[in-house]
Amino acid sequence: MIPSVKQSSHVKVMLLAFASGVPGLGAILYLMDQKDYSLLTISTILVFLVSIYAYCFTSLYRLVVNPWKVMANIIAALKERDYTLRVRYPNIEDPMGLSFDELNSLADYLQSQRMDMMESHELLYKILQEVEAGILCFDQDEQLVMANEYARNLYNCHDKEGLKGSVEDLGLKGYLGSNLHSAFEIEFPARKSRWLVKQSVYRENGLPHTMLLIADLQGPLREEELDAWKKLIRVLGHELNNSMTPIKSMADSLTRIMKRDPLPEDWKEDMGEGLSVIGRRVEGLSRFVTGYSELARIPVPQKRPFELRGFIERAIRFNTGNEVRVIDSPGCDVFGDEAQLEQVMTNLLKNAMEATDELNGIVEVRWEIDGAEAVVRIVDEGHGLANADNVFVPFFSTKPTGSGIGLSLSRQIVEAHGGRISLENRKDRSGCVATLSLPLAEG
């Protein structure tokens, strides 16, 4: 009987193996004692049997213990994140062979996962370094654990590992707050500007960490402003050249006529025609400049509730021409500046009617209630738009005599009311659908 003590499994196995051989050895010794063998014979037989028994016992020990030691070494390597060790076992159908095969598969999987994680971390690191914003990560003790290149440059630190310290050391103590997403005037060692500071919380190894994103607001705004001025100057320069070139040419022609001696008989007609051309060009240039001033001078809407059906019917009466069909729609009141929105509705109706002039098509107006909005749709049977993406760009027009102001001005008015406006081609046939969404009046 094996004593009941706490022992490792392989010791128990070896004790059982040893105990299993003891009865046989005892029996052999007993039988040998019953015969008249010499001491030398008995000693020789006993040494032979004990040698065989010791060899089998040692082989069994290695067979039982060594695979578990190998398995323990591999598991220890996996624990240390070393996934390079593998086991070769001769018989994969053996239970121990199946265990080693599964262990090899686990090592392969963990190695693949580690490679994917390393590649993802490398990609994320490169992205963070290229972001045009400062990113600083702090641990639960508010100590800096990571800063991208942009953030390091703000502190005049160009060494990858050089920027260290706490939130307070970096002068950011006042910008750690819950759901922070605000603009601040901050003076860093490298630059003073107005910055957008956004905070988010993430967890690493189960512990909370804080990430601050610091983005420069003034730089991009200056670039956008400069780009807008460049575009404005290009448009103005183009239009001025288009108008001034024929005016100069006509003025030169009239000057040459007036220098003739004697004057030609039809000089009055030439002068009248030339001055007329100059007048038309000046008038067109004046309309162009007025259009720009209108875009920049939209008054603040004076909002009040008004009834939508009557508003649409009045706008239709002002635009006589093609047939406009009002589809029966629910009655409702919208909230806005009726005069400004009437300008928008008039512009949309005029465009729809002009689009259907050649085809003698019909313009339909209908509306519906969608949540807290009234959605008005003006549907025409015209040719449609070749470039629907640019219709709201200032001074872009598909009409030969169009100024390109109407739709751009309409969008500004509608957005000032908290609404939306869109223009797209019909899907069932040729034509366009203008959609105007306006907020409903409360109550």
Side-chain angles (χ1 to χ4, degrees), residues 183 228 287-356 362-380 382 385 388 390-397 399 402-424 426 431-443:
R287 287 199 306 269
F288 174 78
V289 175
T290 301
Y292 256 107
S293 63
E294 287 179 357
L295 283 176
R297 201 174 58 240
I298 299 177
V300 177
Q302 305 298 316
K303 301 178 183 179
R304 63 175 183 82
F306 61 89
E307 201 265 327
L308 182 60
R309 180 183 296 275
F311 164 77
I312 292 176
E313 291 175 349
R314 287 192 298 274
I316 292 174
R317 285 198 297 270
F318 290 146
N319 293 273
T320 57
N322 299 41
E323 180 183 354
V324 178
R325 182 182 302 165
V326 179
I327 306 300
D328 188 32
S329 302
C332 61
D333 290 347
V334 296
F335 187 68
D337 188 320
E338 187 173 0
Q340 289 188 8
L341 293 175
E342 186 175 316
Q343 184 178 357
V344 174
M345 183 60 65
T346 298
N347 188 31
L348 295 177
L349 287 170
K350 180 181 177 183
N351 288 342
M353 292 177 181
E354 290 177 353
T356 57
I362 297 174
V363 177
E364 290 184 353
V365 181
R366 58 177 178 268
W367 62 91
E368 60 190 30
I369 297 175
D370 184 7
E373 292 182 328
V375 181
V376 182
R377 290 184 174 85
I378 301 173
V379 185
D380 65 58
L385 292 171
N390 293 327
V391 292
F392 292 103
V393 175
F395 307 104
F396 173 86
S397 178
K399 295 180 286 188
S403 65
I405 297 295
L407 287 176
S408 178
L409 189 64
S410 297
R411 184 174 68 175
Q412 289 198 40
I413 292 174
V414 172
E415 290 181 350
H417 284 74
R420 300 183 307 279
I421 185 172
S422 64
L423 190 64
E424 58 185 3
R426 294 178 63 174
C432 288
V433 180
T435 305
L436 177 64
S437 299
L438 298 172
L440 290 171
E442 295 182 359

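The figures here come from the full heavy-atom set of this structure, side chains too, leaving out hydrogens, waters and symmetry mates.
- Looking only at side-chain heavy atoms (C-beta outward), Ile421 and Leu348 come within less than 4.5 Å of each other.
- You'll find the side chain of Trp367 reaches within 4.5 Å of the side chain of Val326, heavy atoms only.
- With sequence neighbours left out, Asp328 forms a salt bridge (charged side-chain N to carboxylate O under 4.0 Å, His left out) with Arg309.
- Shown here are the side-chain contact (heavy atoms from CB on, under 4.5 Å) partners of Ala374, two or more places apart in sequence or in another chain: Leu308, Cys332, Val334, Leu440.
- With sequence neighbours excluded, the residues forming a salt bridge (charged side-chain N to carboxylate O under 4.0 Å, His left out) with Glu373 are Arg420, listed by chain and number.
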From CA spacing to verdict: side chain to side chain contact (heavy atoms under 4.5 Å, CB included), Ile316, Val363: CA-CA 10 Å; Ile316 292 174; Val363 177; over 6 Å; no
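- In this view, Arg304 and Phe306, Glu338 satisfy the side-chain contact (heavy atoms from CB on, under 4.5 Å) rule, not counting sequence neighbours.
- Residue Ala441 comes nearest to Pro305 through the heavy atom pair CB-CB, 3.8 Å, listed as atom of the first residue, atom of the second, then distance.
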Test side chain to side chain contact (heavy atoms under 4.5 Å, CB included) applied to Leu436 and Leu341, step by step: CA-CA 10 Å; Leu436 177 64; Leu341 293 175; 5.6 Å; no
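- With sequence neighbours left out, the ring pair (Phe, Tyr, Trp, His ring centres under 6.0 Å) criterion links Phe335 to no other residue.
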Glu368 and Arg377: CA distance, side-chain angles, deciding distance, side chain to side chain contact (heavy atoms under 4.5 Å, CB included) verdict: CA-CA 9 Å; Glu368 60 190 30; Arg377 290 184 174 85; 3.2 Å; yes
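- Considering Val324, Val365, Leu349 as possible partners of Ile312, the one that fulfils the side chain to side chain contact (heavy atoms under 4.5 Å, CB included) test is Val365.
- Under a 3.5 Å cut-off, the side chain of His417 and the backbone N or O of Pro439 do not form any donor-acceptor pair.
- Glu307 meets the salt bridge (charged side-chain N to carboxylate O under 4.0 Å, His left out) test with no other residue; sequence neighbours excluded.
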Worked verdict on Thr356 versus Ile362 for side chain to side chain contact (heavy atoms under 4.5 Å, CB included): CA-CA 7 Å; Thr356 57; Ile362 297 174; over 6 Å; no
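- The two atoms that bring Ile378 and Ala352 nearest to each other are CG2-CB, 4.0 Å, heavy atoms only.
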